[in-house]
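Below you'll find the structure, written out as structure tokens, and then a few comments.
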Amino acid sequence: MTPDPLVLVIEDDANLRQYLNTTLRSHGFRVEEATTWEEGKKLTLQLGPDVLLLDLGLPDGDGLSLARELRAVSRVPIIVVSARGREEDKVLALDMGADDYITKPFGSGELLARIRVALRHSADPSAPPPSVVEVAGLRMDFLMREVTMNQKPVRLTKNEFDLLAVLIRHAGQVLTNGQLLQEVWGDSSRAHATYVRVYMRSLRKKLEADPTRPRLLLTELGIGYRLKPDK
Ligand code: CA
């Protein structure tokens, strides 16, 4: 029997820590806690947790720099827990190697969904990516480069296909504009920042019932995009 997944909560707010601990334990996770940058780093290396929940504002340092340091030595999925309205911090955290972020205040349903996504993506990093992925009625065949939506074929251009491929392979995770540019165009320079927006608009036209109210390809305001895995 494999042990329950271990979540390390790095958070200095005692109330929030208590809430996270209780919620996670009642859903079958093991939980360890760190309250500072130093302790967070030490316990990550010591315990090898399956997921990190990382607060950005720690008393002895910035969670952003901790995410960067840990990413250099560990593949553990990092979910940043951040205060509302600090979009630049979230983008930076994601670009520095965090896998996702969740904004305070959040409910237990959202928290658990994010953790499940993070665990799924980290399950076996050495396994080859599947050649067919199906999410929320959208099916992509990467070998044949074919796409169907609710069994109906969808014709995509090369860039549209490549952009959608990145999103579906990271279904449920937020991806920054910089990450999408890098993945699809091999260039994260701001000069091409409009590419993502333009191609996202055309993808929505082809895939969404109402492109002005997307239910699959969601905008994360000020950050990037997320393909929503369930409707
Ligand atoms: Ca804090």
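For ligands, and for the atoms within them, numbers begin at 1 and follow the listed sequence.
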Mind checking whether the Ca ion (ligand 1) has an N, O or S of Gly57 under 3.0 Å? yes
With a cut-off of 3.0 Å, does Asp13 place any N/O/S atom under that distance from the Ca ion (ligand 1)? no
Charged tip of Arg169 within 45° of Phe142 ring normal and under 6.0 Å: yes
Asp55 near the Ca ion (ligand 1) via N/O/S, less than 3.0 Å: yes
For Ile168 and Val133, run side-chain contact (heavy atoms from CB on, under 4.5 Å): C-alpha distance rounded to whole Å, both residues' side-chain angles, the deciding distance at 0.1 Å, then the answer. CA-CA 7 Å; Ile168 201 169; Val133 176; 3.8 Å; yes
For the Ca ion (ligand 1), find the closest N/O/S atom on Asp12 and give its atom name. OD1
Would you say the side-chain atoms of Ser65 and Glu69 include a donor-acceptor pair closer than 3.5 Å? no
Just checking, is any N or O donor in the side chain of Thr176 or Lys90 under 3.5 Å from an acceptor N or O on the other one? no
